Amino acid sequence: MSGGGGCSIVWFRRDLRVEDNPALAAGVRAGAVVAVFIYAPEEEGQYYPGRVSRWWLKNSLAHLDSSLRSLGTPLITKRSTDSVSSLLDVVKSTGATQLFFNHLYDPLSLIRDHRAKEVLTAQGITVRSFNSDLLYEPWDVNDANGQPFTTFSAFWERCLSMPYDPQAPLLPPKRIIPGDVSRCQGDTLVFEDESEKASNALLARAWSPGWSNADKALTAFINGPLIEYAKNRRKADSATTSFLSPHLHFGEVSVKKVFHLVRIKQVLWANEGNQAGEESVNLFLKSIGLREYSRYISFNHPYSHERPLLGHLKFFPWVINESHFKAWRQGRTGYPLVDAGMRELWATGWLHDRIRVVVSSFFVKVLQLPWRWGMKYFWDTLLDADLESDALGWQYISGTLPDGREFDRIDNPQFEGYKFDPNGEYVRRWLPELSRLPTEWIHHPWNAPESVLQAAGIELGSNYPLPIVGIDAAKARLQEALIQMWQLEAASRAAIENGVEEGLGDSTELAPIAFPEDIQMEESHEPVRNNPPVGPRRYEDQMVPSMTSSLVRVEEEEASSDLRNLAEESRAEVPTNATAQQNARETVNQGVLQNVNRNTQVQHNNTTAWLRNAAEDSTAESSSSTRRERDGGVVPVWSPPSSSYAEPFVDDESGIGASSSYLQNHPQSHRLMNWTRLPQTG
DNA sequence: ACTACTTTCCC
DNA sequence: GGAAAGTAG
């Protein structure tokens, strides 16, 4: 089984660890191993990783390589634009007969991995894949009727009360027999260009990528801040968070291991009667659960990163306002908590979860910018950028999840400021221009008496902006926009009844992965166009500007003092007329955007079926009872909930929902109902 | 132990 | 905004 031919390829992706790595364990068990990482960022389309994310990946791979070498084999890295053909190259040059990898659940990976499986199997290669990223595979977690959950709390409750525990973590292999890679050409991967190196150098001071560092971070958290997690979680300061998210994103630490270790603490604290500790554990596990849920949603609704799950906002006239978008990015909105957060993000690639909610909620509700812009900015700037988690977060904020926030409720950053940063320390750290402002005014400088401002050296509108949109104005504007939305919706319904729209949905065919064309075009590094063309369009409101290249990072230490002087071209001052623009809403007529790509849906249905089927051989047998009835292993994995849930998920990938829009059937949907209270089956 | 208030927390 | 939990009477 080992030696020359017959070795196995272990294909590393976002599972950059040697501990509790089922694919690696299977490879080791089968004999000689060729460990491979293929870097093909172009496959990600517009989700080409941002600078900080690439920096992390680079370091994590180096770390993995040295671990693998000490176990007996190097990590072969390949630069590619087509992962599957690179895999074939590796097969040919090593004589491998088996391929092992761990599952991913984002839509791109689902399709690519399916193709890998098909193509390699056709070449006579044995391909096996495993769960290493989740406590439970998405298809194993269903409600009493065997349907996927559509709200988080029900989902998580079920996860915590599954009839079988998540698999226990595997130990790292003691030794790896190397496959013959003498004829296998590796590539040196380049993750940063010259202009990025200086900014990246600073990241190393705060972060240590790599699986064994992840393990240390986990231990440190569990033995330290975890017990106070419940108490500290409302602070803007991130010192007491776990800092595990980037490690988790790249699979440097196994969620199953996190879960097991945390549960051990929970039992311990429960026995001691330590209520606060137990509470902390529950809350921390919930955040792990949210990560699970993001994969669950992505798997069951593979378009959730680019399309709202609920369609009730389909006609919402998002405000296409480049200068507001820029002010938000630069941390110059005039709301101290928002601005502090955005500057921290800019400077460090990191943001406490609370503050992510604050800045994104401000983005969607006050500025009413299209959420996918914000999501893309997060993608480009966050160290732990994660498509599934970010999509879930932004959809939650936008109120397009069944259990999301009410759309017409605006959070007030001033009040949130006093809640999360009562003494203004966070704001003062990131907004030096406000550092001398007394706490009484720190979260609403626009109300401060002139004398106070003068004493603090603040000149509003000059060295710190006035609010670019007032909260009251935002509320009024939101009401107005909703009215407009209902009108558009009604118009669309009328159009459908008159048959105007018929041909469109069917005649347009998109590429299999169905990034809307206009978004793909946005990949360029040009500045974003200012005036959206008039007329019918698809997803125009969701064009995603790319700003990766314009990001010039600020050194952490300097961030406070020099922020405004740096990167001048990309950080222009907030336009002085910004507030005047607030009424210049440019409405977007999405009237005929009905472009649910049925071809894609069919394809996706087929492609994901393999995952479930494959997993049936390789995952816990005990789960089978929960999943058999409905599908017998034949029906596509993510066929939609067929009950009353199906309809709210307008335009979902379901294939059946494509022609019957929720709005058609429920003209009263403008009441912004709470979807969780829709009649439930059973 | 009951109700009528408050505060808290929602992915 | 509203359920849910906490608290005062």
Side-chain angles (χ1 to χ4, degrees), chain A residues 105 134-135 138 141 148-160 229-236 241-242 245 248-249 275-276 278-280 282-301 304-305 307-310 312-313 341 351-365 371-372 374-375 378 382 384-412 415-416 418-420 422 471 474-475 478-479 482 645 648-649 670-678 680:
Chain A
Y105 309 88
L134 295 175
L135 299 175
V141 185
F149 290 100
T150 55
T151 58
F152 170 72
S153 48
F155 164 82
W156 188 230
E157 216 169 282
R158 175 69 186 152
C159 286
L160 292 175
Y229 190 80
K231 201 204 296 174
N232 287 331
R233 105 204 110 100
R234 47 177 55 256
K235 293 188 191 157
T241 60
S242 71
S245 57
L248 282 167
H249 171 75
Q275 295 240 316
E278 262 196 283
E279 170 77 352
S280 288
N282 288 334
L283 279 164
F284 176 69
L285 285 181
K286 197 174 103 173
S287 68
I288 295 292
L290 286 168
R291 179 184 173 282
E292 298 270 311
Y293 191 57
S294 72
R295 270 73 181 154
Y296 188 78
I297 289 287
S298 172
F299 182 76
N300 286 305
H301 309 278
S304 58
H305 62 299
R307 189 183 308 161
L309 249 59
L310 293 183
H312 64 305
L313 295 181
L351 216 47
H352 184 119
D353 187 52
R354 291 285 131 179
I355 306 303
R356 294 184 197 203
V357 170
V358 169
V359 300
S360 53
S361 164
F362 182 84
F363 184 94
V364 171
K365 306 287 181 68
W371 61 270
R372 289 200 50 219
M375 189 179 113
F378 271 22
L382 279 171
D384 60 7
D386 182 283
L387 196 55
E388 297 95 311
S389 293
D390 291 351
L392 179 68
W394 282 90
Q395 292 230 23
Y396 163 66
I397 294 300
S398 310
T400 53
L401 295 176
D403 48 359
R405 305 190 147 193
E406 292 278 326
F407 186 75
D408 54 358
R409 203 182 133 228
I410 291 185
D411 294 307
N412 190 324
F415 302 148
E416 291 186 311
Y418 286 108
K419 206 150 115 197
F420 301 135
I471 295 297
K475 279 182 185 160
L478 194 57
Q479 290 310 316
L482 287 171
Y645 280 128
F649 288 87
H670 64 264
R671 285 201 204 120
L672 290 172
M673 346 178 15
N674 180 354
W675 301 114
T676 58
R677 293 167 66 205
L678 287 174
Q680 317 224 340

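Predicted, not measured: the structure shown is a model, and the values here were computed from it. A note on names: the letters A, B, ... follow the listed sequences, proteins ahead of strands, and every chain is numbered from 1.
One atom, CD of Glu416(A), and another, P of dC10(B), lie 13 Å apart when rounded to the nearest Å. Counting to the nearest Å, the P atom of dC9(B) and the CH2 atom of Trp156(A) are 20 Å from each other. When rounded to the nearest whole Å, the span between CD of Glu388(A) and C1' of dC11(B) equals 15 Å. Look at CD on Glu292(A): it is 16 Å from P on dC11(B), rounded to the nearest Å. The distance between atom CG of Asp411(A) and atom P of dG1(C), rounded to the nearest whole Å, is 12 Å. Between the CH2 atom of Trp394(A) and the P atom of dC11(B) there is a distance of 18 Å, given to the nearest Å. Following rounding to the nearest Å, Arg409(A) (CZ) and dA3(C) (C1') show an atom-to-atom distance of 13 Å. Remark: P of dC10(B) and OH of Tyr396(A) are 7 Å apart, rounded to the nearest angstrom.
Between Lys365(A) and Phe407(A), the closest side-chain pair of non-hydrogen atoms falls below 4.5 Å. Using a 4.5 Å cut-off on side-chain heavy atoms (C-beta onward), Arg356(A) and Leu382(A) make contact.
Each of Leu313(A), Thr400(A), Leu401(A) was compared with Pro308(A) under the side-chain contact (heavy atoms from CB on, under 4.5 Å) criterion, and only Thr400(A) meets it.
Of all non-hydrogen atoms in Leu135(A) and Trp156(A), the two that sit nearest each other are CD1-CH2, 4.0 Å.
No contact: Asp390(A) has no heavy atom under 4.0 Å from any strand.
Under the rule for a side chain to side chain donor-acceptor pair (under 3.5 Å), the partners of Ser245(A) that lie at least two apart in sequence or sit in another chain are Asp384(A). The salt bridge (Lys or Arg N to Asp or Glu O under 4.0 Å) check on Arg354(A) picks up nothing, with sequence neighbours excluded. For Ser280(A), there are no side chain to side chain donor-acceptor pair (under 3.5 Å) partners, not counting sequence neighbours. With sequence neighbours left out, the ring pair (Phe, Tyr, Trp, His ring centres under 6.0 Å) criterion links Phe378(A) to Trp394(A).
In this structure, Ser298(A) contributes its side chain and Arg295(A) its backbone to no donor-acceptor pair below 3.5 Å.
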Identify all pairs in which a protein N or O lies below 3.5 Å from an N or O of nucleotides 6-8 of chain B, and state each distance.
none

Please write out the pairs of protein N or O atoms and N or O atoms of nucleotides 4-7 of chain C separated by less than 3.5 Å, giving the distance to one decimal.
none

